[in-house]
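Structure, as structure tokens:
This one's a predicted model, so the numbers in the text were calculated from it and none came from an experiment. Side chains are part of it too, since the values below use all heavy atoms of this structure and drop only hydrogens, waters and symmetry mates.
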Amino acid sequence: MFKTVASFDRIGEENAFAVLARATALAAAGRDIINLGIGQPDFRTPDHIVEAAVKALRDGHHGYTPATGILPLREAVAADIHKRLSVEVDPELVLIVPGGKVTMFMAILMFGEPGAEILYPDPGFPIYRSMIEFTGARPVPVPIREENDFAFSAEETLALITPRTRLLILNSPANPTGGVTPKDEIDRLVEGLARHPDVAVMSDEIYGQMTYDGLEHRTLLAYPDIRDRLILLDGWSKTYAMTGWRMGYSVWPRKLHDYARKLAVNSYSCVNAAAQFAGLAALQGSQDAVAAMVAEFDRRRTVVVEGLNGLPGISCRTPKGAFYAFPNIKETGWQAKPLASALLEDAGVATIGGPDFGVHGEGYIRVSYANSTENIRRAIDRMGEFLTAKAA
């Protein structure tokens, strides 16, 4: 009998896709399912982006591109970062990748091995822990607490660093909580990292353009003291409703960029050529669709928070970024995953149980408001009817 390497027995997955599959199966069987589980915008990719890809195909862009991505796109990424965040980036340090997860995969592979420790946000995107465990490194959860408005604590994070720590993963605005870490907390973290010069940092800023109430996104690229060990993760999926296009980018320290390039060459060769021209059009074209999407998410945010806070046993802080709410369900008497399962099977509402995002996720569920206001209101009504009936 053939034998695979032990690391495959440790690899996890993203349960949101399992919930999506179950919701799809129920809908195919005739059930009316409202999906507040999946983390993708419910908007079409803007037309000018689609047309750019079509034109690229018609113009004959059918072959390989450089593994790092076409130069005009890397230059456009650098220009966009400078315009939005007032930070200079060398296009030679930009890597175009097929989705944000690839940057996680590369960064964790570079630093994860038995005996090493990697810090990651918890609750947080489940692929962080999955990939850390795959490498054999020890995953060290950084608690993301409701009492901190789901921002990370610099003091708590720094206290978890040991001589075995190789990589610190940060995420703001955050999935699944919608938390945004304020500038003063990031300042304290960066100041403290000066005591740990051998710890690399991966900053997942994929939701960086989705903040609310006038709150500005604070990028880790703005801190010169850590630029030589900082890996930035960003992309097009959330901002431009391009999840299926598989378009992401990363900015690497010079000493790590060639490792990342070689991983690209050894795995996927290059990103789809036509998709890169679509990405170029996204960055260089009108940003009106982005502003409209964020404004609509903001309106839905109000509906979600008000609705959830009106449900028996549920309280919900107002998210400051992304398009997720992370309500506290402890007073319902339910455990999170059984509640999420029951809401799907019995009430026809798909959500994700908090433990799917980490050990600190118990007592919460993730609710995505990447759905219409009408569907959100219907879902809240169904959840209320379910909880009331179960409490009777």
For Val367 and Val304, which heavy atoms make the closest approach, and how far apart are they? CG1-CG1, 4.4 Å
If only atom types and distance count, is the side chain of Asn171 paired as donor or acceptor with the main-chain N or O of Asp204 below 3.5 Å? yes
Do Asp228 and Arg254 make a side-chain contact, defined as non-hydrogen atoms from C-beta onward lying under 4.5 Å apart? no
Under 4.0 Å between a Lys/Arg side-chain N and an Asp/Glu carboxylate O for Arg10 and Glu133? no
Validation row: Asp122, Val359 side chains within 4.5 angstrom (heavy atoms): yes
Return the OG1 to CG distance between Thr181 and Leu189, rounded to the nearest 0.5 Å. 9.0 Å
With the side chain counted from C-beta on, respond yes when Val201 and Leu167 share a heavy-atom pair under 4.5 Å apart, and no when they do not. no
Straight-line distance of Ile314 CD1 to Ile365 CD1, nearest 0.5 Å: 5.5 Å
With the threshold set at 4.0 Å, does a side-chain nitrogen-carboxylate oxygen contact exist between Asp32 and Arg382? yes
Is the distance from the ring center of Phe125 to that of Tyr120 below 6.0 Å? no
Only one of Thr157, Ile169, Leu170 clears side chain to side chain contact (heavy atoms under 4.5 Å, CB included) with Val142; which? Thr157
How would you list all residue pairs meeting ring-ring contact (aromatic ring centres under 6.0 Å, His included) that involve residues 269-320, not counting sequence neighbours? Phe43-Phe297, His61-Phe277, Phe297-Phe323
Flag the pair Glu362 and Lys330 as a salt bridge only when some basic side-chain nitrogen lies within less than 4.0 angstrom of an acidic carboxylate oxygen. no
Contact check, side chains of Tyr364 and Phe150, non-hydrogen atoms, under 4.5 Å: yes
Exam field: side chain Thr388 to backbone Gly384, donor-acceptor pair closer than 3.5 Å: yes
Nearest 0.5 angstrom please: Ile118 CD1 to Met202 CE, how far? 9.5 Å
Ignoring hydrogens and angles, tell me if any N or O in the side chain of Asp356 forms a donor-acceptor pair with the backbone of Ile352 under 3.5 Å. no
Indicate yes or no: does Glu185 engage Arg188 in a salt bridge with an N to O separation below 4.0 Å. yes
Distance-minimising heavy-atom pair for Ala53 and Ala278: CB-CB, 4.0 Å
Under 6.0 Å between the ring centres of Trp245 and Tyr240? no
Minimum heavy-atom separation for Glu13 and Ile127, please, with both atom names. C-CD1, 4.2 Å
Let me confirm one number: the CG-CZ distance from Asn175 to Phe357, rounded to the nearest 0.5 Å. 5.5 Å
Do you know the tightest heavy-atom contact between Pro98 and Val271? N-CG2, 3.5 Å
Contact check, side chains of Glu75 and Val94, non-hydrogen atoms, under 4.5 Å: no
Evaluate salt bridge (Lys or Arg N to Asp or Glu O under 4.0 Å) for Arg300 paired with Glu296, printing each intermediate quantity in order. CA-CA 6 Å; Arg300 296 173 185 179; Glu296 179 59 25; 3.2 Å; yes
Leu233 vs Ser250 side-chain heavy atoms within contact, under 4.5 Å: no
Just do the salt bridge (Lys or Arg N to Asp or Glu O under 4.0 Å) check on Arg378 and Glu374 with the steps written out, would you? CA-CA 6 Å; Arg378 291 173 58 223; Glu374 177 187 0; 5.4 Å; no
Short N-O contact, Asp258 and Arg261, less than 4.0 angstrom: yes
Say you draw a straight line from CD of Gln40 to CG of Asn371; how long is it, rounded to the nearest 0.5 Å? 10.5 Å
Any side-chain heavy-atom pair of Glu345 and Ser341 under 4.5 Å: yes
Under the salt bridge (Lys or Arg N to Asp or Glu O under 4.0 Å) rule, what do Asp149 and Arg317 come out as? Steps first, then yes or no, please. CA-CA 7 Å; Asp149 263 347; Arg317 295 208 175 211; 2.9 Å; yes
For the pair His48 (side chain) and Gly285 (backbone), establish whether a donor and an acceptor sit closer than 3.5 Å, ignoring hydrogens and angles. no
Strictly below 4.0 Å, N to O, side chains only: are Asp80 and Arg84 in salt-bridge contact? yes
Backbone N/O of Asn309 and side chain of Ser315: donor-acceptor pair under 3.5 Å: no
Considering all heavy atoms, the nearest Cys316-Val305 contact: O-CG1, 3.9 Å
Using 4.0 Å as the upper bound for N to carboxylate O, is an ion pair formed by Glu92 and Arg74? yes
For the pair Arg366 (side chain) and Thr177 (backbone), establish whether a donor and an acceptor sit closer than 3.5 Å, ignoring hydrogens and angles. no
What are the two closest non-hydrogen atoms of Pro319 and Ala325, and how far apart are they? CG-CA, 4.4 Å
Nearest 0.5 Å please: distance from the CG atom of Asp298 over to the CG atom of Asp213. 6.5 Å
